[in-house]
J.: 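Take this structure first; my questions come after.
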Amino acid sequence: METFEKAMRLTRICRMLYQDFKRNKYLRTSERFISCTSIRCDDVLSSGRSTKVTEDRDPLPLFMSEEVQTWLQKMTGFDIEKICAPRPFEADKPTYRLLTNDELEKEKKKAIQIAKRRIQMPPVMKMRDGTSKVLQKDPDLNMFSKAKHVFTDISFGLKDRKRFIVVREPDGTLRTATDKEHDRLNQIYNPQQGRAPVMPRMFEEEYLEKTLEKGQYRYILDRACVQFDPDNPDFIRVAHRTYEAVCERHMFDVLRSTRHFGPMAFYFAWYKKIEPLLADMVQRDLLSDAVDLIKLYFKIHQELSSTVVLEENIDELHIIKNFCEKMVKNPNYKGQLQLAIQAYEAALTSQAKRSQSKQIN
Amino acid sequence: MAARLLNVSRMALQQFSILAKVASEDSILYKTAILRCCQGINNKCFLQSVRQITFINTQTSGSIWKSVTGVSNVGKKRGRARGSRRFVDLNKNRRLGEGQKGMQWPGLNAPIISRREGRVANKIQVLPPNPQKQEELIKLREQSMKKRARNKIPPLQRGWTGNKLPGTSIGYPDPVEDYTFEGFDTRVLEFKRVATMTGTLGRISRFSAFVVTGNGNGLAGYAIGKAPNGRSALRKAMNRAAQHLIYVDRYENRTVFHNFYIAFHKTRLFVEKKEQGYGLVCHRALKTICQKIGIQDLYCKVEGSSKNIQALTKAFFEGLQRQETHQELADRLSLHVIEYRPEMDNIPRVVATPMSNVREKREEGEEEVDFETLYYDGRLPLKKPKQKPFYFNYQSFRRKLKQDYRYRNQPDALQLRIVHGLQPDYEVNRPKPKPKMKQ
């Protein structure tokens, strides 16, 4: 009801504007917090592709649950040099200080806070519903202008996602803005640093593939985080494609200690493709991470949870082996995972032998 | 004379004209033709004398060129000869006596006895025609006309300015016993003529070369060499520089450890440590030296004399050697040396920790050491703010700034529009011309 009243108020203002326009031949805003924009090349701007929603479940509550967050954070790791790795902008003059032990400890604590902010995971969300609602049809206003008129609520303190934006079509229809229009107008009134008003071409499929070939996964994901909201279909498309590319080349380590590792692991668990990541973890002697990943897998797909026993006191390698036997059906993936487990076991035995011989000596 | 010529019989005239046609191009044959003709008419007629000697064939080609393009000596001094055409030698590659026909005259343009055909005397004869002869001649003449091209030096090995030696590369030093100076390169820093007065010989001048040699990886040396010959002075200096190599410790193999001040004679240097990618912003001689040492990022301000290259070099090398590494500094003050890099979110990165006795706490009221000016020896370089142009406060310029203000983002926006294909095509949107009124 509230939105409807708001829309009606806007319609009234629109009418007043129209009369004003007729009288004075130019537009004048009647209320301070309402501003009016006309858009001409709208058709060009709004022509973008969208991927189809395949999954109806909303992953956000699961992703945000405390348990899942702790697992994902543990998996990500915390290498401060990598979290704060030099960004691709021009370097500036470094500063130097000479500090005592106490001061250094304090500085290190501050650095950890900075790194923690840097490593916050972008939420995994369901694709947003970008359709617009028709609020009113006013045939009297037909052809009052050649351009669409967009009305934006620019009251102080409003959040971008909650901002009310409506469009008066030239044929007199008043409707809420589509998501693309919403994003663009928000960017016009409240510009966010680094976000382009139109989607950069590097996210178009053709150019995205080229960038992926170069292996700039972190750069793509970082820029996508700046450019899009996490429920933007384009963000989901770009992120998923990048995770796939990382998986194809087994470059998981590139994303460790970055904010994208958690969402990536969550994506693999969500779509039941955790095997390559699992094999990578076993190879790198990160068994507890592997077990966490398996736990996450069963947390998401609770209907399968009875097949593998996940208890604290059971050996980690045993859980992984069990998972490999019971859950992995793709022979390719299975072979990969088995090989990794065998190599790990071989390494363990050789290590044991070495330590034994040392003791004897 | 004309009346007498009329008496010449038709036959004789015809004979003459045929001969004359054949021989018109060659003056010797021409003369013989006239003689034969005269014999043919039994000395009954006189011919008009032909003027064989003209201005053209008496003067040398040089004097003819000069008469056309010559400029007086006074004119030359005033630069009038600058645009004149260069002398073209039209007789280039022509052989004497050969003529258009290609005659062979033994003793003049051919040996009297031919060597090829078993020592037989050569005959006076017309050689077989060579249709490409004329083209070949023209080609040869054009070739000789062309200026000889100077061999190009690659841009990175050219000097600092013009065709001067300083800044140029002169290769690597000569090997000493088994050691070859591989990877070394030598650059000239100063090259000049110096003189001394002696009691017996008077003024004796020599060349003085001041060079720096280095492998671009910390090892470098400089030296001066003098010799009466420029080239040997350079060699002497280069080889001597190779004997005086110094190892320069660098931070991350790219810059100095800290800012420092150093002076030699009237030359004072303020050297600044810089971030990666900054480049070498300093005196050209220092830039060359840095390249040879392997320093990539540095700023240096020279105060006092910047023309005395030798003092500059000595000061710089002295300053580099006096540097204190971070480890040494940490040990000296018993404090951690911490680096903050803006591109890394200014997180503290420990560069050096003291080997022993780290200080736990700072005393009350104790100030932190300023790393920036720690090695400036109590001085500071003069840093002038950038001067505004003289017209900055003019009303007209203010007006212009005001007018431009609203278009300040347009160049960037235009570029963005073009990238996204949103820039409307000018041809499409151009306003249509108004139809002309019929009269």
J.: Are Arg322(B) and Glu318(B) within salt-bridge range, i.e. N to O under 4.0 Å?
T.: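 So Arg322(B) pairs with Glu318(B) through a salt bridge.
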J.: Taking the basic N atoms (NZ, or NE/NH1/NH2) and the acidic carboxylate oxygens, is any pair closer than 4.0 Å for Glu107(A) and Lys110(A)?
T.: yes
J.: Which one of Lys361(B), Glu275(B), Glu272(B) has the most heavy-atom pairs closer than 4.5 Å to chain A?
T.: Glu275(B)
J.: If you draw the axis of the six-membered ring of Tyr376(B), does the NZ or CZ of Arg379(B) fall within 45° of it and under 6.0 Å from the ring centre?
T.: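 No, cation not above the ring by the 6.0 Å, 45° rule.
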J.: Under a 4.5 Å heavy-atom cut-off, does chain B meet the side chain of Ala85(A), its backbone, both or neither?
T.: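 For Ala85(A), the contact with chain B is made by the backbone alone.
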J.: Where does Gln276(B) contact chain A at under 4.5 Å (heavy atoms): side chain, backbone, both or neither?
T.: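 Only the backbone of Gln276(B) comes within 4.5 Å of chain A.
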J.: In terms of relative ring orientation, are Phe144(A) and His149(A) parallel, tilted or perpendicular, with 30° and 60° separating the classes?
T.: tilted
J.: Sort Val419(B) into side chain, backbone, both or neither according to what part of it lies under 4.5 angstrom from a heavy atom of chain A.
T.: both
J.: If you measure from the Lys or Arg side-chain nitrogens to the Asp or Glu carboxylate oxygens, is any gap between Asp234(A) and Arg237(A) under 4.0 Å?
T.: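 Salt bridge between Asp234(A) and Arg237(A), a charged N being under 4.0 Å from a carboxylate O: yes.
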J.: Under 4.5 Å heavy-atom distance to chain B, tell me which part of Glu105(A) shows up: side chain, backbone, both or neither.
T.: neither
J.: Non-hydrogen atoms of chain B under 4.5 Å away: do they reach the side chain of Leu104(A), the backbone, both or neither?
T.: side chain
J.: Tell me if the aromatic rings of Tyr217(A) and His260(A) count as close, with their centers under 6.0 Å from one another.
T.: no
J.: Between Asp102(A), Ile114(A), Ile83(A), Ile112(A), which shows the greatest number of heavy-atom pairs under 4.5 Å with chain B?
T.: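 Most pairs with chain B among the choices: Asp102(A).
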J.: What residue, out of Arg349(B), Arg362(B), Arg341(B), has the most heavy-atom pairs lying under 4.5 Å from chain A?
T.: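 If we count pairs closer than 4.5 Å to chain A, Arg362(B) comes out on top.
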J.: Using a cut-off of under 4.5 Å on heavy-atom pairs, state which of Pro86(A), Ala196(A), Ala111(A) scores highest against chain B.
T.: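 That would be Pro86(A).
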J.: Side chain, backbone, both or neither: which part of Leu98(A) has a heavy atom under 4.5 Å from chain B?
T.: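 For Leu98(A), heavy atoms of backbone and side chain both lie under 4.5 Å from chain B.
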J.: When only pairs under 4.5 Å are counted, which of Val337(B), Leu374(B), Leu416(B) shares the most heavy-atom pairs with chain A?
T.: Val337(B)
J.: How about His258(B) and Tyr96(A): are their ring centres within less than 6.0 Å of each other?
T.: no
J.: Would you give the length of the straight line joining atom CZ of Arg268(B) to atom NZ of Lys301(B), rounded to the nearest 0.5 angstrom?
T.: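 So the CZ of Arg268(B) and the NZ of Lys301(B) are separated by 10.0 Å.
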J.: Is it the backbone or the side chain of Ile338(B) that comes under 4.5 Å from a heavy atom of chain A, or both, or neither?
T.: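 Ile338(B) touches chain A through backbone and side-chain heavy atoms alike.
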